[in-house]
Amino acid sequence: MMIRYMATHPTVTLVESCTGLREIKQIHAQLLINGLLNDPYCLGQFVASIALNHQNNLAYSDQLLDQSHNPTVFALNSMIRAYSRSSTPQRGFQFYNRILQSNTPDNYTFTFLVRSCTQVSSSDAALAVHAAIIKHGSDSNRHVQSGLINMYAELGFLGSARKLFSEIREPDLVSQTAMVSACARCGEVDFAQNLFDEMPYRDPIAWNAMIAGYSQCGRSKEALDLFHLMQMDGAKVNEATMVSVLSACTHLGALDQGKWAHAYIERNKLQMTVTLGTALIDMYSKCGNMSKAMDVFWGMKERNVYTWSSAMGGLAMNGAGEKCLELFSLMKQDGIQPNEVTFISVLRGCCVVGLVEEGRKHFESMTQVYGLEPQLEHYGCMVDLYGRAGRLDDAFNFINNMPMKPHAGAWGALLHACKIHKNMELGELALRNIVELEAKNDGAYVLLSNIYADSKNWDGVSSIRHLMKAKGVRKVPGCSVIEVGGVVHEFFMGDKSHPRYGEIEVMLGEISRRLRLAGYVANTNPVLFDIEEEEKEDALCRHSEKVAIAFGLISLDEGVPIRIVKNLRVCGDCHDATKVISRVFNREIIVRDRNRFHHFKDGECSCKGFW
DNA sequence: CTAGGGTTAG
């Protein structure tokens, strides 16, 4: 018998323009009156149309199919597809079982099923589906093939993905791009680049995959370089390209290039999608221009949970805890459901302004109001919240009462609180726990050593030094980045390789002189810690952020804020010194360290000493 | 009548 497909029934085509369930029900009634739902093709079309156009009313299609005795593969496929794009992709599997009962799965079935496996990230399901694909001979279908590559990459099985790719006879643009993306996502960016180089033709999606690959693994400079190559190649830059470009700027803290990217988006009239807007907000807030970030935020037509969470996270990171909490209220008024990430922002907002009780309430509301299970990160935030507020006992109790094994982050928050509030004993306990979990956590050793140094416990300092040597822990070298004229300059601790180092050195001398004149006395206690170069008093002046600030002072015009991005946390002396520098040089200095922002102005810092 | 590759927050 020949299978004849009918064009979509005119009544069913109306489903597309429905605005809600009520209208869908009206169409349903009409179809019933006309007896059209007895026709499996028409039912299939109806079900598929709801699934395709009305993600929120998937359950309605679900019910319709439950009542139907002979659904078509088309209808069931449509359900697998719809669920594969929903937040509950595993629900699609039941329709596959139904197909197996009375029909034969086809290439479409497997394409959607593979997507579901990718979304649920289950290797059991993935292997079972792959076996079924081979059994039904769908493994020679291009759509299934690239889906499988994507699936294995998502599961981290790059070897399987590569094997599949090598078995494709004549890989086309799509499967090549899938493989490039797979390598990049599994951390094999260089391999991805090789594949990319060998592609006979590259479309914008291929470029995007490669740029995203660099951006996601932290090779931000290379991401931007590739973006420039893409433009020279004449490929059409689109929204997705710019999201990755902005993300690269964010990680570099390269505000000028980020601004340039923003201008590029406007000049080329790219669509300000939710994703792109969110990437812009993230860029501005992590490059220290929070007001611009909020301008973008308020200018957006549509905001999702990512948008709200990024803006809130940015406010918290920039010390505007109250504004972060205000935004949280507005978000709820807007009917956007907060998720786990939102609560990280909320708790950080409470933390930076010391709102302990409010934070505790939000934390409890996670389970009681929103049905969200607090994760390790949330517990870490709570320890931070109690700890910074000086409630070290509460912080310690909180760790002890965690329902899961505390991670190094929780102990690290406690250790940090011990540093702020000068508690040696609890600090020692915290370090012991951290070392048990992460033997090579250099930051933790340094922190405890600094606690010892602050109270002039030189035996303690020296014991830490020996401990680190014995365990082979090396301090990650401090590195500060500053962008001048669109060029990113990197300075490592004690680094003299910069072409203008002579001038920088002169400026460092000038800084020391003027700091001394201002009555500033360096806190040299922690210096004794430095294992490799024990240059003692000079060493502090060579901390990478000071060198970067000196370079900023000689290379940026007066009145231009100096923006620094540092890979570690700012040390106590640099923090104090920078406050004074901002006053005596009358310069705004904005430092992004690995945790948060410091806006130095007129001798004060926005963090008010808590970081 | 359905299908494969690229993009955001911790």
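Since we're looking at a predicted model, the values are computed, not measured. All chains are named by letter (A, B, ...) in the order of the sequence lines, taking the proteins before the strands, and each is independently numbered beginning at 1.
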Looking only at N and O atoms, is any donor in the side chain of [X] or the base of [N] less than 3.5 Å from an acceptor on the other one?
{"X": "D203(A)", "N": "dG5(B)", "result": "yes"}
{"X": "N339(A)", "N": "dA9(B)", "result": "yes"}
{"X": "Q375(A)", "N": "dG10(B)", "result": "yes"}
{"X": "N150(A)", "N": "dG4(B)", "result": "no"}

Evaluation steps, side chain to side chain contact (heavy atoms under 4.5 Å, CB included), between H407(A) and I434(A): CA-CA 8 Å; H407(A) 64 317; I434(A) 293 172; over 6 Å; no

Determine the contact category for [X]: base if any of its heavy atoms lies under 4.0 Å from a base atom, sugar-phosphate if only primed atoms, P, OP1 or OP2 are that close, otherwise nothing.
{"X": "A48(A)", "result": "nothing"}
{"X": "T111(A)", "result": "base"}
{"X": "N77(A)", "result": "base"}

Short side-chain N/O contact from T8(A) to OP1 or OP2 of dC1(B), under 4.0 Å: no

side-chain N/O K286(A) vs dG10(B) OP1/OP2, d < 4.0 Å: yes

Closest to side chain of Q216(A), choosing from dT8(B), dA9(B), dT2(B):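 Comparing dT8(B), dA9(B), dT2(B) against the side chain of Q216(A), the answer is dT8(B).
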
Among dT8(B), dG10(B), dG4(B), the one nearest S146(A) by side-chain distance: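 Per side-chain heavy atoms of S146(A), the pick is dG4(B).
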
Value in whole Å for how far the C1' atom of dA9(B) lies from CG of L327(A):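 Spelled out: CG on L327(A) to C1' on dA9(B) is 13 Å.
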
Atom-to-atom span, CD of Q145(A) to P of dG4(B) - whole angstrom: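 Whole-Å distance recorded here is 14 Å.
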
May I have the list of side-chain donor-acceptor pairs in residues 263-275 of chain A shorter than 3.5 Å, sequence neighbours left out?
from	atom 1	to	atom 2	distance (Å)
E266(A)	OE2	H262(A)	NE2	3.3
N268(A)	ND2	Y264(A)	O	2.9
T273(A)	OG1	L276(A)	N	3.2

